Every structure is written in structure tokens, then in C-alpha cells.
Asks: 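Please see the structure below; I have some questions.
None of these values were measured; they are calculated from a predicted model.
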Amino acid sequence: MAVLPIVEIPDPRLRLVSKPVETIDDTTRAFVADMIDTMYAANGIGLAAIQVGVESRILVIDLQADEDEAGKPIRAPHAYINPEILEVSDETESYNEGCLSIPEQYAEVERPRTCRVRWQDETGISHEETLDGLLSTCMQHEIDHLNGVLFIDHISRLKRQMLLKKLDKQRKIG
């Protein structure tokens, strides 16, 4: 498959609301495979289609939480097509989030601890599940992308400005 170029801030495409996927076919599945390759190549745990410039409601996640006997992460990628959050918990949790579209920048973001999500897999089968922990955080982060929202939109304006200045400085050096 292929590693796709990742769209980075301030590209205006990151603010677009992605369109639902009408047909799940071989083209969709090939694109999902490319997204997974791109996510791994960038050392990410999640990627939304808009982050590679495609305005479709598709995201991939692999938390790589387990390791094999040699200590290498066991890959178990999942594709979520047309995901939607049905409900969230009142209880919140804070996580130090980063984003492939805002390279090497991190901030504490508070989100609902659990979320109930409905989506389709690559075969078109619908699923519904309540997620918690890092998977819940990652799912909310990636669905935000599909809605034109970035993790930095969840932090204070001052913290956001500092993070963006740091990113500009990093880009000038690198």
C-alpha cells in the first residue's frame, strides 16, 4: 500500500466537516489500508481521512497496547467508517494529547471518560460500543477531526497561542 502525505496546521482542509461514506467498496478498503500505513509510518495511534486530505468520514486507530515476546508492539488496526458519538459520560478524564497534523506538540485535554459510538467496518457491518480510557479519548479526538475540530480547540487561547508559536519556531529550525 502507500504512505500518504499528512496535512498539517494551518491547512484550511483541517477545518472542513467530512462527508459520509456512501459506498464501502474495494476503493474504500484500499484507502483504509493506505491510512493505516500512513498512521504507522508517522508513529501515530489514530488518523482521520481529512488528515490526508480526503473529506470522508473514515478514521483508523491502533493503540498498539500489547507487545510480542520480543517487546515489539502488536499491530491491531481498526477502521471506523461513518463513526458517530451517540452519548458521552458526565465523568471526564484528562490526557496529554498530540496530533500528526500538529507535529510534536502536546497539551492536556479534558474529555468525557467514556463514549458510546456507532460505526461501520470495512465490510459495511454496523457496530455500536461503549469505549473508555485511551480508546475513548482517541475516538473523540479523531471524530473531532471529521467535524473540523482540532485538539487545540479544547485548550485555553493562551495555551493554544503558545503551542502554535512553539510549532512555528520548530518549523523554522527544522
Asks: Any sub-3.5 Å donor-acceptor pair from Thr92's side-chain atoms to Glu110's backbone N or O?
Replies: no
Asks: Is it the case that the side chain of Asp37 and the backbone of Val3 share a donor-acceptor pair, with hydrogens and angles ignored and the cut-off at 3.5 Å?
Replies: no
Asks: For residues Tyr95 and Val117: do they belong to one hydrophobic cluster (side chain heavy atoms under 4.5 Å, members Ile, Leu, Val, Met, Phe, Trp, Tyr)?
Replies: yes
Asks: Are the side chains of Asp144 and His154 in contact, using a 4.5 Å heavy-atom criterion?
Replies: yes
Asks: Output the distance between atom CD1 (Ile24) and atom CD (Glu22), rounded to the nearest 0.5 Å.
Replies: 10.0 Å
Asks: Which atom names give the shortest non-hydrogen contact between Ala49 and Met35, and what distance separates them?
Replies: N-CE, 3.4 Å
Asks: Are there over 12 heavy-atom neighbours, none belonging to Asn96, within less than 6.0 Å of that residue's CG?
Replies: yes
Asks: Can Arg75 be said to sit on top of Tyr40's aromatic six-ring, NZ or CZ under 6.0 Å from centre and within 45° of the ring axis?
Replies: yes
Asks: Do Ser156 and Gln161 pass the side-chain contact (heavy atoms from CB on, under 4.5 Å) test, and can you show the C-alpha distance, the side-chain angles, and the key distance before you say yes or no?
Replies: CA-CA 9 Å; Ser156 73; Gln161 288 172 335; over 6 Å; no
Asks: For the atom pair CD (Gln120) and CD1 (Ile125), what is the distance rounded to the nearest 0.5 Å?
Replies: 10.0 Å
Asks: Do Tyr80 and Ile58 have side chains that get closer than 4.5 Å, going by heavy atoms?
Replies: no
Asks: Whether the side chain of Asp132 engages the backbone of Thr114 through a donor-acceptor N/O pair (distance < 3.5 Å, no angle test) should be reported.
Replies: no
Asks: Look up atom CG in Leu167 and atom NZ in Lys165, then write down how far apart they are to the nearest 0.5 Å.
Replies: 13.0 Å
Asks: Main chain of Val7, side chain of Gln51: is a donor-acceptor contact present, judged purely on distance under 3.5 Å?
Replies: no
Asks: Working to the nearest 0.5 angstrom, can you tell me the gap between Met139 CE and Cys115 SG?
Replies: 6.5 Å
Asks: Can you name the closest pair of heavy atoms from Pro10 and Arg171 and give their distance?
Replies: CD-NH1, 4.0 Å
Asks: Would you name the heavy atoms of Glu93 and Gly133 that are closest together and state the gap between them?
Replies: OE1-CA, 3.9 Å
Asks: Counting C-beta onward and ignoring hydrogens, is there a side-chain heavy-atom pair between Ile36 and His78 closer than 4.5 Å?
Replies: no
Asks: Is the closest side-chain donor-acceptor distance between Asp121 and His127 under 3.5 Å?
Replies: yes
Asks: Grouping I, L, V, M, F, W and Y whenever their side-chain heavy atoms are under 4.5 Å apart, do Leu16 and Val52 come out in a common cluster?
Replies: no
Asks: Are Ile6 and Thr38 close enough, and set up right, to give a side-chain contact (heavy atoms from CB on, under 4.5 Å), and what steps lead you there?
Replies: CA-CA 8 Å; Ile6 294 176; Thr38 303; 3.8 Å; yes
Asks: Are any of the side-chain heavy atoms of Ile155 and Val109 separated by less than 4.5 Å?
Replies: yes
Asks: Quick one: do Glu91 and Arg111 make a salt bridge, cutoff under 4.0 Å?
Replies: no
Asks: Sub-3.5 Å donor-acceptor pair from the side chain of Asp62 to the main-chain atoms of Gln64, do we have one?
Replies: yes
Asks: Do Leu59 and Leu47 come close enough that some side-chain heavy atom pair is under 4.5 Å?
Replies: no
Asks: May I ask you to decide if Glu122's main-chain N or O and Arg29's side chain share a donor-acceptor pair within less than 3.5 Å?
Replies: yes
Asks: Please report the interatomic distance CD(Glu97) to CG(Leu150), rounded to the nearest 0.5 Å.
Replies: 11.0 Å
Asks: Could you check whether any side-chain heavy atom of Ile61 comes within less than 4.5 Å of a side-chain heavy atom of Pro77, counting everything from C-beta outward?
Replies: no
Asks: With the side chain counted from C-beta on, respond yes when Trp119 and Ile81 share a heavy-atom pair under 4.5 Å apart, and no when they do not.
Replies: no
Asks: To check you understand the geometry: which heavy-atom pair defines the closest contact between Cys99 and His145, and what is its length?
Replies: SG-NE2, 3.3 Å
Asks: Do any N or O atoms from the side chain of Ser56 and from the backbone of Pro20 form a donor-acceptor pair under 3.5 angstrom?
Replies: no
Asks: Going by atom types only, do Thr130 and Arg116 share a side-chain donor-acceptor pair under 3.5 Å?
Replies: yes
Asks: Does Glu108, at its CD atom, have more than 12 non-hydrogen atoms belonging to other residues, nucleotides or ligands within less than 6.0 Å?
Replies: yes
Asks: For Arg57 and Leu146, indicate whether the former's side chain and the latter's backbone hold a donor-acceptor pair under 3.5 Å.
Replies: yes
Asks: Do Glu8 and Ser101 have side-chain N/O donor and acceptor atoms under 3.5 Å apart?
Replies: no
Asks: So among Asp153, Ile50, Asn147, which one has a side-chain contact (heavy atoms from CB on, under 4.5 Å) with Arg15?
Replies: Asp153
Asks: Distance-only, no hydrogens or angles: does the Arg118 side chain make a donor-acceptor pair with backbone N or O of Glu128 under 3.5 Å?
Replies: no
Asks: Under 4.5 Å between any side-chain heavy atoms of Phe31 and Leu4, yes or no?
Replies: yes
Asks: In terms of hydrophobic clusters joined by side-chain contacts under 4.5 Å, are Val149 and Ile102 together?
Replies: no
Asks: Over all heavy atoms of both residues, which pair between Pro112 and Ser89 is shortest? Give the atoms and the distance, please.
Replies: CB-O, 3.5 Å
Asks: Between Gln170 (side chain) and Lys166 (backbone), is there a donor-acceptor pair under 3.5 Å?
Replies: no
Asks: Can you tell me how far the CZ atom of Phe151 sits from the CG atom of Leu163, to the nearest 0.5 Å?
Replies: 5.5 Å
